[in-house]
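Heads up, the thing below is written out as structure tokens.
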Amino acid sequence: MEPTLNLGLLPPPGGFAPLSGISRAESGVLQTNYFKTHHAFETGHGVRKDEHKVVFSTPYPKAPIVIVSLSGLDASHSTNTRIRVYAQDVTNLGFTAVYETWDNTKIFGVSASWIAIGN
């Protein structure tokens with residue numbers, strides 16, 4: 001029998017154990033354009049935040065786990081690029097996605113993907 005290499009990408013023999021307590025997932029994409037809008041992300045300095053409220057299509061019984069990740073960025077090449085994306089104020093109804101930059105970074109556009117996992 002030939003040796004097998006399991007990189008964690010394939011199910012082990014017998015399959016994966018079911019995930020307890022997870023019966024629903026919802027996801028989406030947020031896209032924001034700041035180019036020529038005079039928004040603080042394009043023109044400002046120091047710490048700047050832009051918040052976007054996300055409402056789930058159907059409320060969860062309790063607040064789900066929410067993961068937000070950067071999926072696109074348009075930034076000036078003349079300054080360092082600094083960006084954070086994260087979820088805050090997560091409830092069973094939704095959450096607030098936050099884009100944050102600082103110092104002299106110039107951001108012209110940001111997109112983020114998110115997924116909410118719960119029961």
Side-chain angles (χ1 to χ4, degrees):
M1 183 171 173
E2 292 189 26
T4 60
L5 176 63
N6 186 344
L7 300 175
L9 303 175
L10 302 172
F16 288 113
L19 298 173
S20 63
I22 297 176
S23 59
R24 181 171 159 220
E26 185 173 340
S27 63
V29 176
L30 302 167
Q31 295 181 309
T32 306
N33 179 21
Y34 306 110
F35 187 64
K36 294 187 179 179
T37 63
H38 303 290
H39 188 278
F41 268 36
E42 180 187 18
T43 62
H45 285 77
V47 175
R48 291 154 282 150
K49 295 181 182 183
D50 190 15
E51 300 180 354
H52 299 269
K53 184 70 177 161
V54 174
V55 177
F56 300 131
S57 62
T58 304
Y60 284 83
K62 64 179 185 177
I65 296 169
V66 175
I67 301 167
V68 180
S69 64
L70 183 68
S71 59
L73 179 64
D74 182 9
S76 172
H77 64 83
S78 64
T79 61
N80 288 330
T81 302
R82 303 168 185 93
I83 188 80
R84 286 188 189 115
V85 295
Y86 54 92
Q88 70 180 21
D89 303 327
V90 178
T91 71
N92 68 315
L93 302 174
F95 67 97
T96 301
V98 182
Y99 302 141
E100 182 179 354
T101 190
W102 58 97
D103 203 11
N104 65 344
T105 297
K106 305 290 186 222
I107 303 291
F108 304 126
V110 180
S111 59
S113 298
W114 62 268
I115 185 167
I117 303 168
N119 52 13

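Cluster annotation: Tyr34 and Leu30 are assigned to the same hydrophobic cluster (Ile/Leu/Val/Met/Phe/Trp/Tyr, side-chain heavy-atom contacts under 4.5 Å, transitive). Transitive grouping of hydrophobic side chains (ILVMFWY, heavy atoms separated by less than 4.5 Å) keeps Val110 and Phe108 in distinct clusters. Under the 4.5 Å side-chain contact rule for hydrophobic residues, Val54 and Val90 share a cluster.
For Asp89, the salt bridge (Lys or Arg N to Asp or Glu O under 4.0 Å) criterion is met by no residue, not counting sequence neighbours. Residues forming a side chain to side chain contact (heavy atoms under 4.5 Å, CB included) with Asn92 (at least two apart in sequence, or on another chain): Pro59, Tyr60.
Counting only heavy atoms from C-beta outward, the side chains of Tyr86 and Val68 never approach each other to under 4.5 Å. Looking only at side-chain heavy atoms (C-beta outward), Tyr99 and His52 come within less than 4.5 Å of each other. Within the 4.5 Å cutoff, side-chain heavy atoms of Asp50 are placed close to those of His39. Residues Thr58 and Arg24 are in side-chain contact: their nearest non-hydrogen atoms beyond the backbone lie under 4.5 Å apart. Within the 4.5 Å cutoff, no side-chain heavy atoms of Pro64 are placed close to those of Ile117. For the pair Asn119 and Lys62, the minimum side-chain heavy-atom distance is below 4.5 Å.
With rounding to the nearest 0.5 Å, the separation of CG in Leu73 from OG1 in Thr81 is 6.0 Å. Here the straight-line distance linking atom CG of Asn104 with atom CG of Asn80 works out to 7.0 Å at 0.5 Å rounding. Rounding to the nearest 0.5 Å gives a distance of 10.5 Å between CD of Gln88 and CZ of Phe95.
Taking all atoms of both residues into account, the shortest heavy-atom contact from Lys106 to Thr43 is NZ-O, 3.6 Å.
Donor-acceptor pairing under 3.5 Å is lacking for the side chains of Ser69 and Ser113.
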